[in-house]
Amino acid sequence: MDGVGMHRPRNVDWKRAAALLYGDWGTSKAYVIGAAFLAASYSALPIIIAVCALTAVVGYNYTVICKHFPDGGGVYSAARSQSRLVAAIGAFMLVANFCVTAALSGWVAMVYFRVPEHWVPLATMALILVVGVLNYFGPKHTGSFAISLAAPMVAVVVLIILMSLPHLTLANIEPSTQGFGFQWTAFVGTILALSGVEAIANMTGVMKLDPGSTMDAPRVEKTARKSILLVAVEVVGGTVLLGWAMLSLPKTPEMREVLHHRWEDMISVLAEQYGILTLGPSFGHYFGLITGLIVGVLLVSAVNTAVGALIGLTYLLGRDGEMPRSFIKLNRLGVPWLPLMIATALPFVVVAFSPDQKSLMELYAIGVVGAIAVNLGSCLMNRKLKLRWYEWATMAVTFLVLVAVEITLAKTKQNALFFIVCILIVGLALRAWAQRRAGFRTITVSEEVAAVVAPAEGQEFQLRINPGQAILVAARGITPVLRFALEEARLRSATLYVLYVKELAVNLPAPVERAETPRWQDDKMAATIMYRMLEEGKRNEVSVIPLYLVSENPAATILDLSATLGVDFLFLGSSHRKGLEKLLKGSVITQVAKELPENIELVIHG
């Protein structure tokens, strides 16, 4: 047997999903309020409120998208059912977004760490390289870690707001003397808080199911809605109150100079100033330092998240035939080489050619706004979704606003337009080359003809397990555990399942559509094991069934397959991972032992 149909493990609950979303969405306030002050000074509050209102509406739209796409609702998944070309364009916009997210988050983190201004670009590039090296070992499961980072950030925001409450005033706010054109341009230039919702949509494929739903008919509406709404309330409410607190500071020439000079780390400024007003200069100084450290660490986590998402997205494009096949070649730890290099090199180059934080912010919005607009537009055109009238109307209005924002960005931010055009040209050129190499040709046929020639879906292959005991052995090479399992199977007259898991250390943002069924015959190591075991099984009259799976989480795959096959014994060989690798990747045996059902006996052979 070449493989067994498997589901990605759904182990992300609403709390972890909210924490992961907050790591991207929640960090936006670190630079949104400062950007608003830079754009409109003491007239910035209406702009901040407008940006937060758009953020809330986009968040609502993504609760609807997550409901209808329980296996991944990012732009690539949503648009793929309508047009592969549009899906590819949306994916390339996401590539631009993740690239700038990594660069901008790293830059702002260095600012919050109080790195000297002339060292910030070099420190940011060094951080990106370190993150790239760590991702060589593959992504870790960061849900619990994200919670531990989000909690201090929320605490700091709440403390600043509480200390500012006695000082909040509207007296400092100046009415804008500029026309609608200036206000709209300032609003467009401040939209920096949207990219996280794409991350949460891509995550629906690993979210825990709603009560009453099954793997075959998954629903994650409650999980997604709870995580999105919780973070949206904090982001919207926190950003508006922090923006108001910023404009409520004493309106002296000295304070105006501080706000203009330190707009890049405005949350640290607010912590310092309201700490001074509340408990004195010494407290304000240290509270500002602690706040900068907390915000900076969360931003570093956002760099890692963006790099990991970029690896997963480019690998997915390669698996789906949208990028050259070389994009899916893996290192020995299951990480694709080329996507890893691209995910590290692109943000590095962007930082190298960016003179300051403002230039990075100009590049940021055009990619994420374009991707979200493509996602919403694809959902509006997809009649299979059966949106309610108010869901469709809200999505349509949001789509029109985002299209207007995207056009304005292209008109007013020439560097951003140049950047996204370069990404699209290179991406589409690689796509055309990859498809031509693969023998694909684009043709246009009528809907009736397409329905006739479309391949029929094959019936699911169901394994018939023979009566008696069954043994599952998982091995990474010709090791003694294989001989031991064969001996046990012969003594017990049991069926022996030989499992080889090819580790794929990539967080895929969506299911792979165009990918061949993995075959152990095409994997040199797996073929060596399987042919040897089939031969030994035939010689010793043992029924040997080879299993070959590609998984991003070997432990979860072994657990899932053990339960699916209903085996009586699970045999594992002792771990041979090196110290650093084991520290970063964890122990498969330990993870399996914690979660294995009680009715399955675990045997560790050393």
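The shown structure was predicted, so the numbers you read here are calculated from the model rather than taken from an experiment.
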Using the side chain to side chain donor-acceptor pair (under 3.5 Å) criterion, which residues pair with Asn331? Sequence neighbours excluded. none

Supply the atom-to-atom distance Lys594 NZ to Leu596 CG, rounded to the nearest 0.5 angstrom. 14.0 Å

Nearest non-hydrogen partners of Ala103 and Val350, listed with the distance: CB-CG1, 4.0 Å

Donor-acceptor pair, Asn540 side chain versus Val542 backbone, under 3.5 Å? no

Test of understanding: with side-chain contact (heavy atoms from CB on, under 4.5 Å), list the residues that count as partners of Val300, not counting sequence neighbours. Ala109, Phe113, Leu127

Between Thr314 (side chain) and Ile311 (backbone), is there a donor-acceptor pair under 3.5 Å? yes

Checking the side chain of Asp210 only, and the main-chain atoms of Glu221 only, is there a donor and an acceptor separated by less than 3.5 Å? yes

Do Tyr548 and Lys502 have side chains that approach each other closer than 4.5 Å (heavy atoms only, starting at C-beta)? yes

Would Trp14 and Leu230 satisfy side chain to side chain contact (heavy atoms under 4.5 Å, CB included), going step by step from the backbone distance to the final call? CA-CA 10 Å; Trp14 71 267; Leu230 177 68; 3.4 Å; yes

Can you list everything that forms a ring-ring contact (aromatic ring centres under 6.0 Å, His included) with Trp433? Sequence neighbours excluded, please. none

Short N-O contact, Glu322 and Arg84, less than 4.0 angstrom: yes

Does any pair with a residue in residues 488-501 pass salt bridge (Lys or Arg N to Asp or Glu O under 4.0 Å), and if so which ones, sequence neighbours excluded? Glu488-Arg492

With side chain to side chain contact (heavy atoms under 4.5 Å, CB included) as the criterion, how do Leu428 and Leu85 come out once you've worked through the C-alpha distance, each side chain's angles and the decisive distance to 0.1 Å? CA-CA 9 Å; Leu428 292 174; Leu85 176 60; 4.0 Å; yes

Output yes when Arg539 and Glu536 qualify as a salt bridge under the 4.0 Å nitrogen-oxygen rule, no when they do not. yes

side-chain contact (heavy atoms from CB on, under 4.5 Å) test vs Asp523 passes for just one of Gln521, Arg519, Met525, namely Met525

If I take atom OH from residue Tyr497 and atom CG from residue Leu547, how far apart are they, to the nearest 0.5 angstrom? 7.5 Å

With side chain to side chain contact (heavy atoms under 4.5 Å, CB included) as the criterion, how do Asp320 and Arg80 come out once you've worked through the C-alpha distance, each side chain's angles and the decisive distance to 0.1 Å? CA-CA 11 Å; Asp320 264 3; Arg80 191 166 54 186; 2.4 Å; yes

Would you indicate whether the side-chain heavy atoms of Leu496 and Ser543 approach each other to under 4.5 Å? no

Please check: side-chain N/O of Thr344 versus main-chain N/O of Met341, any donor-acceptor pairing under 3.5 Å? no

With a 6.0 Å cut-off on the ring centroids, do Tyr136 and Trp337 count as close? yes

Where the side chain of Asn304 meets the backbone of Val131, is there a donor-acceptor pair that is under 3.5 Å apart? no

Report all side-chain donor-acceptor pairs from residues 63-70 shorter than 3.5 Å, counting only partners two or more places apart or in another chain.
| unit_1 | atom_1 | unit_2 | atom_2 | d |
| --- | --- | --- | --- | --- |
| Thr63 | OG1 | Tyr60 | O | 2.4 |
| Lys67 | NZ | Glu391 | OE2 | 3.0 |
| His68 | ND1 | Leu385 | O | 3.2 |

Considering all heavy atoms, the nearest Ile328-Gly318 contact: CG2-C, 3.6 Å

When rounded to the nearest 0.5 Å, the distance separating CE of Met323 from CG of Leu313 is 9.5 Å

Can you tell me how far apart CG (Leu129) and OG1 (Thr124) are? Round to the nearest 0.5 Å. 11.0 Å

How about Tyr76 and Leu317: do any of their side-chain heavy atoms sit closer than 4.5 Å? yes

State, yes or no, whether a side-chain contact exists between Asn97 and Leu94 at a heavy-atom distance under 4.5 Å. yes

Nearest 0.5 Å please: distance from the CD1 atom of Ile558 over to the CD1 atom of Ile589. 9.0 Å

So CD of Gln82 and SG of Cys379: to nearest 0.5 Å the spacing works out to 8.5 Å

When every non-hydrogen atom of Ile228 is compared with those of Gly59, the smallest separation belongs to CG2-O, 3.5 Å

Of all the heavy-atom pairs spanning Val481 and Gly573, show the shortest one and how long it is. CG2-N, 4.0 Å

If you measure only the distance, is there a donor-acceptor pair under 3.5 Å linking the side chains of Asn375 and Tyr62? yes

Is there a side-chain contact between Ile471 and Thr495 (heavy atoms, below 4.5 Å)? no

Phe484: partners by ring-ring contact (aromatic ring centres under 6.0 Å, His included), with sequence neighbours left out: Phe571, His605

Is there side-chain contact between Tyr22 and Met153, with at least one heavy-atom pair below 4.5 Å? yes

Test Val75 against Ser378 for side chain to side chain contact (heavy atoms under 4.5 Å, CB included), laying out the working first. CA-CA 8 Å; Val75 59; Ser378 299; 5.9 Å; no

What are the two closest heavy atoms between Val588 and Pro554, and how far apart are they? CG2-CB, 4.4 Å

Should Met530 and Val498 count as side-chain neighbours, where that means a heavy-atom distance under 4.5 Å? yes

Can you confirm whether Met93 sits close enough to Ile420 that some side-chain heavy atom of one is under 4.5 Å from a side-chain heavy atom of the other? yes

Restricting to non-hydrogen atoms, name the atom on Ala78 and the atom on Ser81 that form the minimum distance, rounded to 0.1 Å. O-OG, 3.4 Å

